[in-house]
Amino acid sequence: MMRSHRCGDLRGDHAGETVELCGWVNSRRDHGGVTFIDLRDRAGLVQVVFSPGVAAEAHDVAQTLRAEFCIRVTGVVQTRREGTVNPRISTGEIEVAAEAVEVFSEAETPPFPIDGHQDTEESLRLRYRYLDLRRNHMQDNLDLRHGIVGAIRRFYDAHGFVEIETPMMTRSTPEGARDYLVPSRVHPGKFFALPQSPQLFKQLFMVAGLDRYYQIVKCFRDEDLRADRQPEFTQLDVEMSFVGVEDVLDLTEEMFKSVWAEVLDVSLPDFMRLTYDESMRRFGVDKPDVRFGMELADLGTVFAATEARVFRSALDSGGAVNSIAVPGGGRLTRKELDGLVEEAKQLGAGGLVWAAVTPDGLKSPMDKFLSDEERTGLVGASSAREGDLILIVADGRVGVVHKVLGALRNRMGERFGLIPELERSDPGAWKFVWITDFPWFEYNEEEARWDPIHHPFTGVVEETLQYLESDPARVVSKAYDITLNGWELASGSIRIHDRVMQERVFSALGITPEEAEERFGFLLRAFRYGPPPHGGIAPGIDRIVALAAGESNIREVIAFPKTQSVFDPLTGAPAAVDEAQLELLHLKSTAPPEK
RNA sequence: GCCCCAGUGGAGCAGCCAGGAGUGCUCAUCUCCCUGUCAAGGAGAAGGUCGCCAGUUCAAAUCUGGUCUGGGGCGCCA
């Protein structure tokens with residue numbers, strides 16, 4: 001070994017020891033005589049002192065060192081003189097008196113500072129990701145990811161699960177997200193698809209009797225990116241046989257508790273549970289951030305007899321009038337209020353009615369259309385206090401009302417500082433919520449048909465089976481999500497294991513037996529051979545780690561992520577390929593030539 | 001496909017609303033000084049086609065249109 005210790009591991013106990021350290025020059029403080037180097041490795045920083053009187057040769061070399069040179073230092077650990085201790089670094093009680101230094105390699109001046117005192121534009125960080133990953137912060141994130149993945153594996157190992165790999169080159173299924181395709185050289189004109197999830201394979205494991213399966217696996221979806229979405233991402237894929245909804249919920253909750261205990265030393269309380277309906281009614285979204293209040297209020301009763309046209313027509317057409325009360329929102333300027341109206345329109349609302357609760361009563365563009373009872377009822381039902389701002393959305397479509405107010409609630413929560421800063425050691429900082437009883441179907445306006453909210457293999461709650469053909473909106477599924485602080489962390493369901501039942505569902509989805517055979521024939525065939533009752537869940541690893549790390553986007557916990565336009569500034573991928581390569585794959589590009 | 005924000009020496013920002021010479025700040029870089037600093041300090045220097053293209057104007061970093069890149073969001077994401 002070239003080194004005896006890691007820089008960041010040295011402590012007072014090491015005083016007197018001769019050590020060999022390898023690392024990068026974090027900073028240099030040259031006093032002409034004595035020269036200090038902060039040496040950095042994965043474990044952290046340590047101060048190295050070069051004194052001309054102690055080691056003249058090493059001191060000469062120290063003068064030539066620059067940021068990010070990779071070096072080895074041999075020296076003696078000594079406790080620092082009184083008054084020179086640095087409490088801001090973990091090794092601050094000691095320093096290393098250099099006796100010799102070896103320069104492994106010099107470094108050009110880096111394109112951005114590595115010592116982590118200022119943010120850098122992300123595209124630059126990604127182009128030089130290897131330098132970005134030199135930062136202790138990024139290394140800590142990757143280390144946390146490793147720790148979480150390890151804890152997950154230990155948990156499932158201890159519960160009798162077996163990790164099995166599934167193919168990366170598989171068959172395209174036209175539902176769901178767009179696929180990434182892999183052309184076949186051997187089969188002209190045919191394509192493999194990269195998996196959006198190993199869904200069908202894990203169900204086949206259950207048919208096979210493999211009982212308890214899990215896998216930590218890459219999945220691929222060709223959709224537009226977000227802070228919590230990358231085209232390739234990692235899932236913890238889990239499936240179990242002979243279980244119902246409660247069994248999966250219990251075990252998964254136990255898993256999260258075990259990971260948080262092991263990795264963050266936090267003992268999580270039992271997870272909150274909300275049905276989908278309750279979540280939508282109270283928070284307007286199916287991934288509620290319950291770290292703050294500002295819940296939606298239903299004003300249907302208040303405005304039951306209203307003359308105000310926007311409210312009247314919304315209620316008459318079977319829609320809803322809902323509000324939120326933004327604490328302290330009354331201080332917004334007219335311009336800011338106009339901005340909110342614009343935001344609401346952008347989100348799909350016809351408009352947004354605001355009403356400020358002032359000492360002189362309501363101040364609102366709607367005020368003249370309201371009766372006294374309505375004014376009182378509005379403030380009361382919205383739980384608004386003086387100084388608050390009530391935001392009201394009315395629409396003939398309840399879904400629009402929820403969507404707009406749900407989004408505004410999240411934005412207002414952030415803008416008005418209602419979301420407490422994450423205190424990672426506080427069990428109360430982690431608001432896990434189970435969302436259950438999802439509707440089975442959602443209406444697809446564009447295609448004028450009913451689509452599954454989860455996927456076509458999702459089980460149906462028996463009591464609602466009767467509506468499968470007559471009233472799809474009333475069918476409840478055996479699907480569930482875990483959300484954490486407003487992020488969807490996991491999705492799962494109990495599956496259909498009965499072939500006849502599965503065919504009935506396909507039929508309700510408008511999938512003919514021929515189409516079903518074409519797309520999922522291999523699953524249906526498998527289901528002829530004694531499939532067990534089964535179900536599972538698939539938490540997103542990138543999101544879990546990002547939340548645990550306190551990051552607001554998953555790129556911070558992925559070593560080599562892509563930009564929002566699906567580009568990797570480091571490698572330049574995606575890139576053009578030779579005509580010959582295309583020919584071999586029986587492909588011809590129709591893309592216009594590059595400028 | 002759509003909406004919003006940003007792009008100014010190597011990094012991070014201010015300047016833009018209200019047009020008047022590339023003006024400023026912090027850090028980095030280079031030279032010199034300095035034996036206890038720790039985001040060292042002091043003195044000096046070098047470094048920019050204000051993302052790009054067009055328009056308005058006597059004059060554009062600044063106003064207008066377009067475009068590219070990055071970020072946040074809507075749509076999309078079974």
Side-chain angles (χ1 to χ4, degrees), chain A residues 26-39 45-54 59 66-68 80-89 91-92 95 97 108-128 131 173-179 196-197 199-200 219-231 233 339 342-349 403-404 407 410-411 414 438 440-442 444-446 450-458 477 479 488 491 493 509 511 519-520 540 552-553 555 562-565 567 569 595:
Chain A
N26 193 67
S27 64
R28 180 178 57 109
R29 294 176 294 280
D30 183 352
H31 288 243
V34 68
T35 296
F36 301 96
I37 295 287
D38 285 344
L39 192 63
L45 292 177
V46 71
Q47 172 166 283
V48 180
V49 199
F50 297 84
S51 308
V54 175
H59 180 260
R66 294 294 181 274
E68 302 312 317
R80 295 203 191 181
R81 298 178 194 177
E82 206 175 324
T84 66
V85 168
N86 183 353
R88 290 163 58 192
I89 59 175
T91 61
E95 62 191 3
E108 291 179 18
T109 302
F112 54 86
I114 312 298
D115 57 15
H117 292 288
Q118 66 183 23
D119 291 338
T120 302
E121 194 185 339
E122 212 173 317
S123 57
L124 193 64
R125 291 175 53 200
L126 292 181
R127 181 139 50 104
Y128 296 93
L131 295 181
T173 53
E175 288 76 19
R178 279 182 288 267
D179 286 320
Q196 295 178 25
S197 85
Q199 181 61 36
L200 298 176
C219 301
F220 306 86
R221 292 178 191 176
D222 185 5
E223 297 293 347
D224 290 334
L225 276 55
R226 292 287 186 276
D228 61 353
R229 273 166 35 188
Q230 283 273 305
F233 59 101
E342 270 316 301
E343 283 182 58
K345 287 181 178 166
Q346 176 66 24
L347 287 162
K403 185 189 147 196
V404 174
N410 283 333
R411 293 177 191 185
E414 198 165 320
F438 279 80
W440 207 102
F441 295 93
E442 70 187 336
N444 182 333
E445 303 267 357
E446 242 168 74
W450 291 91
D451 282 345
I453 281 188
H454 193 48
H455 58 56
F457 319 108
T458 306
S477 74
E488 179 189 311
S491 244
S493 63
L509 287 168
I511 300 174
R519 296 182 203 171
F520 314 111
S552 55
N553 79 68
R555 294 183 302 278
K562 308 220 171 5
T563 66
Q564 197 168 51
S565 61
F567 180 72
K595 307 164 254 176

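Residue numbering restarts at 1 for every chain, and letters A, B, ... go by the order of the sequence lines.
- Phosphate contact (OP1/OP2 of B:G73, side-chain N/O of A:Lys403, threshold under 4.0 Å): absent.
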Test side chain to side chain contact (heavy atoms under 4.5 Å, CB included) on A:Asn86 and A:Arg80; report intermediate values, then the result. CA-CA 9 Å; A:Asn86 183 353; A:Arg80 295 203 191 181; 3.5 Å; yes

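- Within the 4.0 angstrom heavy-atom criterion, no nucleotide atom of any strand lies near A:Lys562.
- In this structure, A:Glu342 atom CD and B:C2 atom P are separated by 17 Å, rounded to whole Å.
- A gap of 26 Å separates the C1' atoms of B:G73 and B:C16, to the nearest Å.
- A salt bridge links A:Asp38 with A:Arg29: the distance from a Lys NZ or Arg NE/NH1/NH2 to an Asp or Glu carboxylate oxygen falls below 4.0 Å.
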Output one line per pair: protein atom, nucleotide atom from nucleotides 7-13 of chain B, and distance, for all N/O pairs under 3.5 Å.
| unit_1 | atom_1 | unit_2 | atom_2 | d |
| --- | --- | --- | --- | --- |
| B:G10 | O2' | A:Pro111 | O | 3.1 |
| B:A11 | O2' | A:Gln118 | NE2 | 2.7 |
| B:A11 | N3 | A:Gln118 | NE2 | 3.3 |
| B:G12 | OP1 | A:Glu121 | N | 2.9 |
| B:G12 | O4' | A:Gln118 | NE2 | 3.1 |

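- Residue-level contact check: A:Gln199 touches the bases, meaning some heavy atom is under 4.0 Å from a base atom.
- Rounded to whole Å, the P atom of B:G71 lies 31 Å from the corresponding atom of B:U26.
- Contact annotation: A:Arg29 side-chain N/O to B:A40 OP1/OP2 distance is under 4.0 Å.
- Nucleic acid contact class of A:Ile453 (heavy atoms, under 4.0 Å, all strands): sugar-phosphate only.
- The CD atom of A:Gln196 sits 5.5 Å away from the OG1 atom of A:Thr173 when rounded to the nearest 0.5 Å.
- If A:Pro569 and A:Glu223 are placed on RNA chain B by their nearest nucleotide, the residue sitting closer to the 5' end is A:Pro569.
- For the P atoms, the distance linking B:G65 with B:U56 amounts to 15 Å, nearest Å.
- Note that the CZ atom of A:Arg127 and the CD atom of A:Glu121 stand 9.5 Å from one another [nearest 0.5 Å].
- Comparing the same atom, P, in B:U23 and in B:U31 gives a spacing of 27 Å after rounding to whole Å.
- Here the P atom of nucleotide B:C76 and the CD atom of A:Gln230 are 21 Å apart, to the nearest Å.
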Between N or O atoms, less than 3.5 Å apart, protein on one side and nucleotides 29-36 of chain B on the other: list the pairs.
| unit_1 | atom_1 | unit_2 | atom_2 | d |
| --- | --- | --- | --- | --- |
| B:C30 | OP1 | A:Arg66 | NE | 3.2 |
| B:C34 | N3 | A:Asp30 | O | 3.3 |
| B:C34 | N3 | A:Gly32 | N | 3.4 |
| B:U35 | OP2 | A:Gly33 | N | 3.4 |
| B:U35 | O4' | A:Val34 | N | 3.2 |
| B:G36 | O6 | A:Arg81 | NH2 | 3.2 |
| B:G36 | N1 | A:Glu95 | OE2 | 3.0 |
| B:G36 | N2 | A:Glu95 | OE1 | 2.5 |
| B:G36 | N2 | A:Glu95 | OE2 | 3.1 |

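- At a threshold of 4.0 angstrom between heavy atoms, the contacts of A:Arg127 with the nucleic acid are absent.
- Ion pair A:Arg411/A:Glu343 flagged as a salt bridge, since at least one NZ, NE, NH1 or NH2 atom sits closer than 4.0 Å to an Asp/Glu carboxylate oxygen.
- For the OP1/OP2 pair of B:A39 and a distance below 4.0 Å, the side-chain nitrogens and oxygens of A:Arg88 include at least one atom meeting the criterion.
- The base of B:G75 is paired with the side chain of A:Asp224 by a donor and an acceptor separated by under 3.5 Å.
- One can place CG of A:Leu126 at 10 Å from P of B:G70, the figure rounded to the nearest angstrom.
- Nucleotides B:G24 and B:U37 are separated by 30 Å at their C1' atoms, to the nearest Å.
- Ranked by how close their nearest RNA chain B nucleotide is to the 5' end, A:Asn86 and A:Phe567 are led by A:Asn86.
- Rounded to whole Å, the distance from CD on A:Glu488 to P on B:C77 is 13 Å.
- Residue A:Arg221 places no side-chain atom within donor-acceptor reach of the base of B:C76, judged by atom type and a 3.5 Å distance cut-off alone.
- Residue-level contact check: A:Ser27 touches the backbone only, with heavy atoms under 4.0 Å from sugar-phosphate atoms and none from bases.
- At the phosphate of B:C74, neither OP1 nor OP2 sits under 4.0 Å from any side-chain N or O atom of A:Arg411.
- The separation of B:A6 from B:G12, taken at their C1' atoms, amounts to 14 Å, rounded to a whole angstrom.
- Atom CZ of A:Arg226 is separated from atom P of B:G72 by 9 Å (rounded to the nearest Å).
- A gap of 15 Å separates the P atoms of B:U8 and B:G48, to the nearest Å.
- Taking side-chain N and O atoms only, A:Ser565 has a distance below 4.0 Å to OP1 or OP2 of B:G70.
- A:Phe36 is linked by a ring pair (Phe, Tyr, Trp, His ring centres under 6.0 Å) to A:His31, counting only residues two or more places apart in sequence or in another chain.
- Of the side-chain N and O atoms in A:Gln564, one or more sit less than 4.0 angstrom from OP1 or OP2 of B:G72.
- The gap from the P atom of B:C50 to that of B:C33 amounts to 37 Å, rounded to the nearest Å.
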